Structures are given as structure tokens and as C-alpha cells.
2 protein chains.
Amino acid sequence: MITVSRAINTPQQVSPATLEKVNAAIAALGYVPNLMAGALRLSRSHLVTVLVPSVAGSLFAGMLTALTESLDARGYQLMVGQSGYDVPREDALLRAIIGRRPDGIVLTGVMHSPQGRRLLQASGIPVVETWDTTATPIDMLLSVSHEQIGAAVSRYLFEAGKTRLAVLSGDDERAHLRAASYVRAALAMGLPEPVALYLPAPTTHAQGREGLRALRRSGKDIDGVFCTSDLMAAGVLTEAMVQGVDVPGQLAVVGFGDMDIAASMSPSITSVHVDGAAIGAKAAEMIAARAGGQRPAASIVEIGFRIVARESA
Amino acid sequence: MITVSRAINTPQQVSPATLEKVNAAIAALGYVPNLMAGALRLSRSHLVTVLVPSVAGSLFAGMLTALTESLDARGYQLMVGQSGYDVPREDALLRAIIGRRPDGIVLTGVMHSPQGRRLLQASGIPVVETWDTTATPIDMLLSVSHEQIGAAVSRYLFEAGKTRLAVLSGDDERAHLRAASYVRAALAMGLPEPVALYLPAPTTHAQGREGLRALRRSGKDIDGVFCTSDLMAAGVLTEAMVQGVDVPGQLAVVGFGDMDIAASMSPSITSVHVDGAAIGAKAAEMIAARAGGQRPAASIVEIGFRIVARESA
DNA sequence: CTGAAAGCGCTTACAG
DNA sequence: CTGAAAGCGCTTACAG
């Protein structure tokens, strides 16, 4: 066992003859060392956990892919947890995660529950909060300002000559931040108060269609709408086409996420781009640096966003 | 430590007074037991690994969600690996997975590489192959027949009066099976040989648009097309709209996956439904049964499919 | 270059 | 009801 361990980890410390015998035996038996035992011994699990609201959501797909690949390249594996749960459930999930002693934890959004913050802090595991912003991160932060995004979209539509705004928003926390800030910015520019509709996340194409119908039923004469996801924006386009509403002439539409479909629709969809792949890659890098004993260059990194102007607005 | 372990796992074996003291200390310290150590001792990791071609793909989203939730309900956690790799890479990935000693491994597709099969078999870990079919599963199988699907879609289009068929397919293995069988079935019904276009997976809306343009450039007068994903089918609809092609009159379109967007597009998309959620839930159930020492009722389960008829075909 | 020994943090059968 | 001891499968400093 000792020699086997050395043959695998430090083959130069083993004589060629022995090495050959050991390798033959390994191949014959299909032996794969137990990484958990090694992890226990070295207290390095080479495991990283990410918590997403839902694995099915396409918004975080870019981040997940980049995270998986960046970690993989560094010899880490990714565990995925779904955090779209009530608070007591989240506590249990957090305990299950910390119990595995991952070398890092990536959170989608910031952790607000004091109980959760305490658990994470006490664990001593490197934590990266992402996709949101806060003055008091638990540890590291890849910051995205949904308030800035909401305000920027409001301004964008205003500058495109639209004045009667609406927002179709998911009912998750970050979508709420965007929507609220969008409404505030519109009011600050002297526009009438935008109509805000909140729909259960993750938002869908069908909700986009239903959302536009609801807006038109409301009787308000809307000329610009911000959707919480590109799928939803595509749904709005479909409904607009069916109802004979001209986009962007009568109605400008802005999406969020800059998915493939946004560029490829007709009309193509103006959308807010947030670099999810950069978030994933950066998070992997920060955690690997920590595990290697270094302080990362900066523990708070601003991710930023841009509005990709296309035909729909 | 002994008493702490008992306080957590078998509190009825500890006096109320001691229990209270221990719990107070646990809360004060934020102590979370090391599950890896427990796993090593009990050789039950309560970890399940799933290998998907890509985390970003929406086709397996339903399976992943169901798998996460079903496992969670049984006290298991899910690890996710991306298998969209070359063969030597897959070998390394498999070793990294087996090294963690998960209580089960869920594979998307069947494992063909003899090397991979050997490793998995030697590991003794319960394996569930899914989303494909084979006469020689490694262990358990949740079988989906892509050959039957391809033939059924061919027949469906024929019965709808379409005779000049095409297929826009991803270049992954299972999509190839569907496309090849679709072509064979068309020939068997006496139709001219369908045009098959293969595009890099995961397929996108943009590829659907480009695919239809390519089909039209080819000069063949196509009246029915089977797309490897609903997103691609939506892209075909967009391109058809732009080019003024009537769907389904001039061109019938069938998708695959029965995503939300299929029902919600206009025209709505006829699509092949495979119950991914059932695959996820069933896989979790089979693995949990094995870990509990039982043989599962059946180690090969046919999942089946149905064509959901909508406006596009 | 190779082996015996200790220890990572748990759990559990065994005494007390 | 509570504690001392062994052992899960590794890795590594220490002898030989």
C-alpha cells in the first residue's frame, strides 16, 4: 500500500522494476485510489460546491459550464446544490455541504440569513458570493449590481424615445432589485410610474406571452418593456407578432441574459449581457488560489454588464 | 467526540442533560460533522455522480432537476461531471469520479469504451445508464430508443402528407441514431432519401435558422423537417417566418425535447416528449434501493416517448 | 529504494 | 448512560 501510493503520487521515488509491477497490478484490478481517504488525510477535498436557485435555469448555464471546466482543469470536481428552497431547508442543505468539507463554496446571490452566514463563516471554507452585491460579503464577492442594470435599461428605453414603460419580472430577489430600480429611475426621469408584473421564477416563454396579454388587458398604453429573461422577451415577441403589435415601433423589448436566442430571433432582442462565464472562471481561480494558500489579488471583483443593442429596442 | 457523535446520530442513547450541553456547544461553535470521515468509516458516501454531455444543455435539465430533488429527499447529494470530452479525458474523469466512491453513478447515454466499462464494473459502484438503449448494459438501464423515435417521426410526417423530408441533427451519438433511423424509415416507406444536415451539439436557435437556409440553398424542395431540439425547431420557425414560408402548409416542423417553448411558440411546435423527470426520479430510486442492499424490481426499464401533436406539423 | 507507524475524523461494538 | 479502542484507506515523515 505504501509503495502503491508512492508509485501513483511520486513515481520517481520508486525503482522502475517495482513501478512496473505495481502498474500492472493496478491495471489488472482496475484499482482507483479512494480520494475521500486521501482528502481526510490531507484535509484537501478537491471538491467545490456551487449553489444555484435551479439547475434547470438557463441564466446560470454559462457560469456552470465555465466553473466546471475551470475547476476540472485544476483537478477539482464540482458539486451542485439547488438553493431554491425555504429557509429551514437551506440550513440543512448548508450543513450537508459544509459536512463534505469542500475546498470552496460558490453561492449564487449573497447569503442574507444570519444563521447561514454564521455557519459558513465558522466553517472556514472559502466562500464566493456571486451575481449580486453587498457591503458585507461573507468572504469573496463577484459583484453584479442589479440596481445599476435596472436604471440603465430605464435610461436606454427613455433615450430610444419610449416613455410609457413596463417590466415583466421574475419574483426572485435579484429580479426584484432590477425591477424596483428600473421603476425608480423612470420616475426620476419624470416618466409616469412603470407597470411592474411579477411572475414565478424561472421565467418562461409562455410567461412572456401571458405577460404581454396582461399588460394590454390593463388598458395602459405601454411602449417599452423590460423582461427578466430573454426567453420571456422571446415570448413577448411571439405575442406581439400574433397581436400585430410592431416591435420596436409600437413596443420596444429588452431582455436579460443575452442568450443565443436573443441574437437569433427576428427581430433580434436587445438584451443585458452579464458575463456568467467570467464569473465561473474567476470563482474557480479565486478558490484555487485560496486552497494553494495564497490571498487572491482582490476579494471583491466588479463584474459589470452591458446593454447589447439589437432590433427589438 | 464519542458522546457528540451519539448526540447527533442516536440522541435517545444520551441523557437529556448531556444532550443539552452537547447541543449548546455545537450551536456555539457552528460544528458540522465531517461527512467524509463518516463516509470512510461506513463506506457509504451518500454521494451520487451524474455525467452529462454539457451542464448548459436544456435537454437534460428536467432529468437533472428531478435527480437533484429525488436524491436530496433521500439524503444524497449530486455531483455533476461533463462528459463532452475526448476519450483519454473521459478516462481521467471516470477515475476522478470512482475515486470519490459515490453510492451511484448516472450516465447520460450508454458507455461504449471497453476501458470505461471495465473501470466502472471493477469499481462495484451501482451504475445507471440512461437516455439510450443497449443489449449489454454495465448494470442498470433506463432505456430510450432513439431508433424508434426517428422512425416514428418519419411516419408521423408521412401520415401528415409530407413526402420530401429532411432532418437537422446535432452531431452527438444519440441524435445520429435518431437521424439515421428517420432516414431509413422514410426510404422503407418509399419516399426519396431525406436530406440530413449535422451540426455541432448542443444545437441552438441560430443553427435552426442557418439550417433552414442551408436546406433551401440545397435546391431540394423540402416539405417536412425533423429537428434535434426544440430550440432548433424554433429557429426554423423564425427563419420560415422571415422567408415567408408557411408552417405547416409548405413546411412541417417537428422538434425534440418538448420544452416549454414548444407549446408556447406561434405556431406551436409538434415535438417528441421523453420524460426526463421520470428518468431522474427513477435513477435516484434505483440507486437508493441498491445502497439499501436491495435488488431493484427491474434493472432495465423502458422509458418510452410520445409525439405531442401541435400546429407546426 | 522500501517498510512500519502514526494520524486525518468519524462510528460502533465492547466494557464498565 | 458514558468512555476506551479499533478501523475505514489513505499519506508522509522516519528508519532501515
Side-chain angles (χ1 to χ4, degrees), chain A residues 1-26 28-47 49 75-77 92 94-104 119 122-125 291-293, chain B residues 1-26 28-47 49 75-77 79 94-104 119 122-125 291-293:
Chain A
M1 200 63 251
I2 310 169
T3 311
V4 174
S5 175
R6 270 197 280 255
I8 293 170
N9 299 310
T10 52
Q12 65 284 8
Q13 284 182 31
V14 176
S15 78
T18 315
L19 192 58
E20 201 168 321
K21 266 184 252 168
V22 172
N23 284 336
I26 286 176
L29 295 170
Y31 170 73
V32 179
N34 185 330
L35 263 30
M36 313 285 263
L40 185 58
R41 180 61 238 257
L42 300 175
S43 48
R44 285 280 297 279
S45 65
H46 282 271
L47 221 43
T49 299
Y76 287 80
Q77 265 185 285
L94 235 36
R95 286 172 183 280
I97 288 168
I98 294 172
R100 304 276 177 200
R101 301 292 188 271
D103 289 343
L119 268 175
S123 76
I125 299 169
Chain B
M1 199 64 251
I2 310 169
T3 311
V4 173
S5 176
R6 270 198 280 253
I8 294 171
N9 300 309
T10 51
Q12 66 284 5
Q13 284 181 32
V14 177
S15 78
T18 316
L19 191 58
E20 201 168 322
K21 267 185 250 169
V22 172
N23 284 335
I26 287 176
L29 295 170
Y31 170 74
V32 179
N34 186 330
L35 263 31
M36 314 283 263
L40 184 59
R41 180 59 238 259
L42 300 176
S43 49
R44 284 281 299 277
S45 66
H46 282 271
L47 221 42
T49 299
Y76 287 79
Q77 266 187 283
M79 305 196 43
L94 234 36
R95 286 172 182 280
I97 289 168
I98 294 172
R100 304 276 177 200
R101 301 292 188 271
D103 289 344
L119 268 175
S123 76
I125 300 169

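What you see is a predicted model; the values in this text were computed from it and never measured. Below, chain A is the first sequence line, B the second, and so on; all start at residue 1.
- Using a 4.5 Å heavy-atom threshold, the side chains of B/Met79 and B/Ile97 count as separate.
- In this structure, CG in A/Leu47 is found 5.5 Å from CE in B/Met36, a value given to the nearest 0.5 Å.
- Not counting sequence neighbours, the partners of A/Ser45 by the side-chain hydrogen bond (donor to acceptor under 3.5 Å, both in side chains) test are A/Asp103.
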Where do N or O atoms of nucleotides 1-5 of chain C meet protein N or O atoms at under 3.5 Å, pair by pair?
unit_1 : atom_1 : unit_2  : atom_2 : d
C/dT2  : OP1    : A/Ser15 : OG     : 3.3
C/dT2  : OP1    : A/Thr18 : OG1    : 2.4
C/dT2  : OP2    : A/Ser15 : N      : 3.2
C/dT2  : OP2    : A/Thr18 : OG1    : 3.4
C/dG3  : OP2    : A/Thr3  : OG1    : 3.0
C/dG3  : N7     : A/Arg6  : NH2    : 2.7
C/dG3  : O6     : A/Arg6  : NH1    : 3.2
C/dG3  : O6     : A/Arg6  : NH2    : 3.1

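- Partners of A/Arg41 under the salt bridge (charged side-chain N to carboxylate O under 4.0 Å, His left out) rule, at least two apart in sequence or in another chain, do not exist in this structure.
- Of the side-chain N and O atoms in A/Tyr31, one or more sit less than 4.0 angstrom from OP1 or OP2 of D/dC10.
- Here A/Ser5 reaches the OP1 or OP2 of D/dT11: one of its side-chain N or O atoms lies under 4.0 Å away.
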Between side-chain atoms of residues 18-25 of chain B and protein atoms elsewhere (two or more places apart, or another chain), which donor-acceptor pairs fall under 3.5 Å?
unit_1  : atom_1 : unit_2  : atom_2 : d
B/Thr18 : OG1    : B/Ser15 : OG     : 2.6
B/Asn23 : ND2    : B/Leu19 : O      : 3.4

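- The stretch residues 34-42 of chain A touches DNA chain C through A/Leu40, A/Arg41, each having a heavy atom within less than 4.0 Å of the strand.
- Listed by chain and residue number, A/Val32, B/Arg101, B/Ile105, B/Leu119, B/Leu120, B/Ser123, B/Ile125 satisfy the side chain to side chain contact (heavy atoms under 4.5 Å, CB included) test with B/Ile98 (two or more places apart in sequence, or in another chain).
- Every residue two or more places apart in sequence or in another chain that forms a side chain to side chain contact (heavy atoms under 4.5 Å, CB included) with A/Ile8 is listed here: A/Val4, A/Ile26, A/Tyr31, A/Pro33.
- Side-chain contact between B/Leu40 and A/Asn34 is present, with at least one heavy-atom pair separated by less than 4.5 Å.
- For the strand DNA chain D, secondary-structure stems (runs of at least three Watson-Crick or G-U pairs, all distances below 3.5 Å) span C:1-3 with D:14-16, C:5-12 with D:5-12, C:14-16 with D:1-3.
- B/Ala96 meets the side chain to side chain contact (heavy atoms under 4.5 Å, CB included) test with A/Gln77; sequence neighbours excluded.
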